[in-house]
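Below is one structure, written out as structure tokens; the observations come after it.
Order of the sequence lines fixes the chain letters, A, B, ..., with proteins taken first and strands second; residue numbering starts at 1 for each chain. Heavy-atom basis, side chains included; hydrogens, waters and symmetry copies ignored.
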Amino acid sequence: MDRRAELEGRTRYEAAEVEGRIFAGWRDDGLFDADPAIPGEPFCIQLPPPNVTGSLHMGHALNGTVQDLLIRWRRMEGRNVLWQPGTDHAGIATQMVVERELAKEGLSRHDLGRDAFVERVWAWKEQTGSTIIEQYKRLGASMDYGRERFTMDADYARAVQDVFVALHAKGWIYRDEYLVNWSVPLATAISDLEVEHRDVDDALYEVAYPVEGGGEIVIATVRPVTILADVAIAVHPDDERYRDLVGRMATVPLVGRQVPVIADERVEIGFGTGALKITPGHDPTDFEIGRDHGLETLSAIGLDGRLTDLVPEWEGLDAEEGHARAVERLRETGALRAEHPYRHSVGFCSRSGARIEPLVSLQWFCRMDELAAPAIDVVKSGQVRFHPERMAKIYLDWMEAIRPWCVSRQLWWGHRLPVWFAPDGSYVVQVDRPEGDGWEQSTDVLDTWFSSALWPYATLGWPERTPSLERWYPGNVLVTGRDIINLWVARMIMTGIEFAGGIPFTDVYINSTIQAADGRRMSKSLGTGVDPLELIDRYGADATRYGLLKMCSTQDVRFAEGMIDEGRGLANKLFNATRLVLLNADPEARPAPNGLEAADRWILDRLAATIAEVTADFAAYRFSQATKALYAFVWNEFCDWYLEAIKARLYGDDAASKRAASETALLVIERTLALLHPVMPFVTEELWAYLPERAGPLARAPFPSADGLPRDPVAAAAVDAVIEAVQGARRLRQDADLGPRHPLSAVLAGDDDGALAAERALLDALGAITLVVQPEPGPAVPLPAGRATLHVQGAELADKLRGRLERRLAEARAEQAKAQGKLGNAKFVERAPAEVVAEERERAERFGRDAAELEAQLAALGGD
RNA sequence: GGGCGGUUAGCUCAGCUGGUCAGAGCACCUGCUUUACACGCAGGGGGUCGGGGGUUCGAGCCCCUCACCGCCCA
């Protein structure tokens, strides 16, 4: 049934009225459902699982748009696609959210106890956990929603435990008492990657330690309170100043402890006084030095952030109070020798924002060297490629200096370690509770990233060899943000190689980070966030997608709402262009490359070029360039020129000409809708249904190919010549106040290939220009490109035209001078390639000719 | 402290291997109720491509250097 008449009154594309219906259509059609049994080369993208607490922000929107573009494109190419969705349990983040909920009831998680709290988190997850996945639907994301996974699903959890047990069996996971990044408010260790470094203004204190046998040694510290836990003084072995003191004992102020003066190359001679107090319990470098020198580790600050009973009279003070008291006492005793303002970099907990307290505690670590080695190779050898390429450096730099990963967290929400303690304190590592009584499972949970590291295969049923795993592992492209290259991407590659038999994907596309319009980070707390759902409400999903793709590049970008508005304009333009054709085309016409006239051959040529360009852009992740090419084709070439060119034919009586225009226009629309579909799925799908004889949804239609579309350089050149002539005529009319359709006559000059002569009908249709042999007397203006001189009737126009001609003359002379200048340079003529010189010569001649002609016309106008 | 990226029209950005590359969208100005679209049509103004130096016949495009902005790592 032909529904064209429905379009009659719809002069605007109203996204809000269309998108819900179109999305439901895709769902009912089963478009999203992936089936491993379907033939076709597989193509798989794993959605980076958003935090289960999350809601869609601009980063997700861009990330999702890129993935949907790739998925839709490959689906149309006939690939058997899977876009795997799901969410991450996000240990710390989720625990914090639920604790905040509890706080509203005046409760803490400790009031509930661990089991009840975890139950509460599950309840919260069941209620609100899929919010963000629902939000992806607004964007048009064509992922397989039926396959949604969660990193704490039972079988997923089992996979996580298996991996832990396997890594332990290899000896790579081990338990150790080590200095870790401790987040006091969260009361847990966190990994190096969860620490953010920021510059802080502190004071640097110089403190004197008396040395045995007389004299003293002055050290510099920013944390005098840790003096309580000093176990040595270290100097550089080459430091002449202190050479005599090495080996003697010094007295620690405040506590009077006797500690040795040692030599170690890790001490920086130039920093502070060159002498370093060694506090293995509270500083990473000191910890290393302490271990190497067999020093004791003392803890002045405990896991609760308060001073320990190491010095009983200080016990219970918080770190800040301890700091103040230490400074005060040092000052009183005269040990404090100097105090300087000092700006330095300090670690903060990325979750709580608290200053990291480096503390010693018993944790589980995973040594990474063996896992990293093959994962470095696959990137270096190009088996896994980063886009843009330079992002591989972030990965390699970190991987090549990789350190053990602290995988245990003292949280309640997460994967409990598969570690079982006997009453005597011994333990076994296995998934199931051991036989017998008294076994207690470890109360620690795993770092969230430990479980997300398994995402590409655990979502597909690993360790079972499921049909989905066989079909879609490895996947193809990972689309993600730069900030989690090491946190997540690296770990997926490492565990994928170790456990799933190979790399999890071949390409990693790092999408831009979108900043707020003022260049700051886009964040809710700063008030700089822009809600993508609100943009979808206001502009439509297609416009939002278009704008995000247009914005994104190989670097960070500032959010520019104008680009989304541009997308809305494009959707509307496309909608109306399609209306024009459908409402005026020959009803019998079907899409066909009917190149009856030059204009038809020209637009088919442009369409073929656009298809080639866009396809290449998609393949190279140049999404911004693709949107640009699509926009220029739809708006400037198809609407501004082709549709204007064929209007007269569509409305006219020449049946063959009307038929050709109709068939060509329908073909262009058909291919354009398909080409644009991965970017703007809704409006293209909506319009597709109005094309004659549509069997299925556009989302399942083949992606257009430039093959079979006739390229026609001759027609392209002819129409380009007409366009130049028409634009020249428009400028002339505007300058001369003539009105847009004021008739002009043109005398050919330099139309050597006969392009204008052949297209006189088109010249007339588009530009109201009549070709004549013998011009009427009157003002005349040459076209910029040569080819013709435009003549205007009416000598009273002389004054209006003079200014224009003079301007054109100046331009022509300037260009001519520029070209002649180059040609006058002997070295240029000698060394530049022949074709460049020839081109320059041609320019000089052309502009010289134009200038001469303009001078003649100015003379003919009379006056001064 | 080490590294990466950026600085092009009022704004947000394109400019691939150096030679019509000085561009787009928005904003601005001037005309248009031209029977697809005023979320429109046509025309126009506007930038010594961050500063300085260098290589080259020729440099936003290559090299050096400085300044500023952003990010990553330690």
Side-chain angles (χ1 to χ4, degrees), chain A residues 7-8 10-15 192-193 195-197 268 271 284-285 344-345 347 388 390-391 393-395 397-398 401 403 482-483 485-486 512-513 515 517 519-521 539-540 543 547 550-584 616 620 622 624-625 627-629 631-632 635-636 639-640 643-644 647 650-651 726-727 729-735 737-741 767-768 815 818-819 821-833 835-837 839-840 842-843 846-847:
Chain A
L7 288 171
E8 196 77 55
R10 290 173 70 185
T11 60
R12 286 182 181 190
Y13 174 66
E14 300 287 358
D192 295 339
L193 288 175
V195 177
E196 285 174 1
H197 295 268
E268 272 184 71
F271 178 80
T285 308
H344 66 142
S345 180
R390 73 183 133 82
M391 295 300 175
K393 190 171 156 55
I394 294 177
Y395 173 93
D397 284 352
W398 184 71
R403 309 199 318 165
R482 195 188 42 212
D483 50 336
I485 288 175
N486 297 331
S512 296
T513 302
Q515 302 169 339
R520 287 187 294 170
R521 213 182 183 78
Y539 295 94
K550 178 95 193 258
M551 267 177 251
C552 77
S553 75
T554 57
Q555 64 183 65
D556 290 355
V557 292
R558 294 187 180 194
F559 179 73
E561 194 160 320
M563 292 187 181
I564 293 176
D565 199 35
E566 187 181 315
R568 178 174 62 171
L570 182 60
N572 188 60
K573 191 74 176 173
L574 187 70
F575 185 81
N576 278 291
T578 305
R579 273 182 67 225
L580 167 70
V581 173
L582 289 176
L583 293 174
N584 295 287
R622 292 186 305 245
S624 178
Q625 226 160 299
T627 58
K628 204 172 169 178
Y631 184 96
W635 204 301
N636 304 124
C639 292
D640 287 349
L643 291 183
E644 292 305 324
K647 270 182 184 171
L650 290 180
Y651 301 146
V726 170
Q727 286 176 328
R730 284 173 182 163
R731 271 193 293 270
L732 175 60
R733 291 193 182 98
Q734 188 95 10
D735 288 347
D737 271 339
L738 285 174
R741 298 290 295 179
E815 290 297 322
K818 202 169 141 189
K822 282 190 181 180
L823 291 167
N825 182 340
K827 285 183 174 174
F828 171 73
V829 180
E830 185 185 323
R831 300 193 191 181
E835 63 265 27
V836 173
V837 177
E839 199 176 313
E840 214 57 47
E842 197 266 319
R843 280 168 61 82
R846 194 171 75 233
F847 286 113

Listed nucleotide nearest any side-chain atom of [X], set [options]:
X: A/Arg558; options: B/C37, B/C4, B/C13; answer: B/C13
X: A/Ala832; options: B/G19, B/U30, B/C13; answer: B/G19
X: A/Val836; options: B/U12, B/G19, B/A36; answer: B/G19

_Comparing A/Asn584 and A/Lys822 on RNA chain B - which has the more 5′ nearest nucleotide_ = A/Lys822
Return the polar atom pairs (N/O with N/O) between nucleotides 70-74 of chain B and the protein under 3.5 Å, or none.
| residue | atom | partner | partner atom | Å |
| --- | --- | --- | --- | --- |
| B/G70 | O2' | A/Gln515 | NE2 | 3.3 |
| B/C71 | O2' | A/Arg482 | NH2 | 3.2 |
| B/A74 | N6 | A/Ser345 | OG | 2.9 |

Once you round it to whole Å, what is the distance between [atom2] of [N] and [atom1] of [X]?
X: A/Asn576; N: B/C41; atom1: CG; atom2: C1'; answer: 13 Å
X: A/Leu732; N: B/U30; atom1: CG; atom2: C1'; answer: 16 Å
X: A/Glu835; N: B/G58; atom1: CD; atom2: P; answer: 18 Å
X: A/Lys393; N: B/G3; atom1: NZ; atom2: P; answer: 8 Å

Taking the [atom1] atom of each, how far is [N] from [M], in whole Å?
N: B/G51; M: B/A67; atom1: P; answer: 16 Å
N: B/C13; M: B/U55; atom1: P; answer: 35 Å
N: B/U35; M: B/C28; atom1: C1'; answer: 31 Å
N: B/C37; M: B/U30; atom1: P; answer: 25 Å
N: B/C4; M: B/G10; atom1: P; answer: 31 Å
N: B/G43; M: B/C26; atom1: P; answer: 14 Å
N: B/G58; M: B/G19; atom1: P; answer: 14 Å
N: B/G46; M: B/U8; atom1: C1'; answer: 14 Å

With a non-hydrogen cut-off below 4.0 angstrom, is [X] in contact with a base, only sugar-phosphate, or nothing?
X: A/Val581; answer: nothing
X: A/Glu566; answer: sugar-phosphate
X: A/Lys647; answer: base
X: A/Gln727; answer: sugar-phosphate
X: A/Met563; answer: base

*Syn or anti for B/G51, please, going by whether the chi angle lies within 90° of 0.*
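Glycosidic conformation of B/G51: anti.
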_A/Ser553 side chain near B/C13 phosphate (N/O to OP1/OP2, under 4.0 Å)_ = no
*Ignoring backbone atoms, test whether A/Arg731 places a side-chain nitrogen or oxygen under 4.0 Å from the OP1 or OP2 oxygen of B/G44.*
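Checking B/G44 against A/Arg731, a side-chain N or O does come within under 4.0 Å of OP1 or OP2.
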*Mind checking side-chain contact (heavy atoms from CB on, under 4.5 Å) for A/Thr513 and listing every partner two or more places apart, or none if nothing turns up?*
A/Arg482, A/Asp556
Would you list the protein and nucleotides 38-40 of chain B atom pairs, both N or O, that sit under 3.5 Å from each other?
| residue | atom | partner | partner atom | Å |
| --- | --- | --- | --- | --- |
| B/C39 | OP1 | A/Arg12 | NH2 | 2.8 |
| B/C39 | O2' | A/Asn572 | ND2 | 3.3 |
| B/C39 | N4 | A/Arg12 | NH1 | 3.4 |
| B/G40 | O3' | A/Lys573 | NZ | 3.1 |

_Less than 4.5 Å apart, side chain to side chain, heavy atoms only: is that true for A/Val581 and A/Leu643?_
yes
*asked:* Within the 4.5 Å heavy-atom criterion, are A/Asn576 and A/Arg579 side-chain neighbours or not?
replied: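 Yes, close enough: below the 4.5 Å cut-off.
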*Check if the side chain of A/Glu644 and the base of B/A36 share a donor-acceptor pair of N or O atoms closer than 3.5 Å.*
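Donor-acceptor pair under 3.5 Å: yes.
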*Indicate, yes or no, whether a donor-acceptor pair under 3.5 Å links the base of B/U12 to the side chain of A/Glu561.*
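Donor-acceptor pair under 3.5 Å: no.
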*asked:* Show the nearest heavy-atom pair for residues A/Tyr395 and A/Asn486, with the distance to one decimal.
replied: CA-OD1, 3.6 Å
*State, to 0.1 Å, how close A/Ile564 and A/Ala543 come at their nearest heavy-atom pair, and which atoms those are.*
O-CB, 3.5 Å
*asked:* If I take atom CD from residue A/Glu835 and atom CD from residue A/Glu842, how far apart are they, to the nearest 0.5 angstrom?
replied: 14.0 Å
*Quick one: list whatever passes ring pair (Phe, Tyr, Trp, His ring centres under 6.0 Å) with A/Phe575, sequence neighbours left out.*
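A/Phe575: ring pair (Phe, Tyr, Trp, His ring centres under 6.0 Å) contacts with A/Tyr13.
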I'd like a table of atom pairs between the protein and nucleotides 26-29 of chain B - only N or O on both sides, under 3.5 Å - with the distance next to each one.
none

*asked:* Please give the stem ranges for RNA chain B, sorted by first residue number, where a stem is three or more consecutive Watson-Crick or G-U pairs and both donor-acceptor distances are under 3.5 Å.
replied: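 Stems found: B:1-7 with B:67-73, B:10-13 with B:23-26, B:28-32 with B:40-44, B:50-54 with B:62-66.
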*Ionic contact status for A/Lys827 with A/Glu830, cut-off 4.0 Å*: no
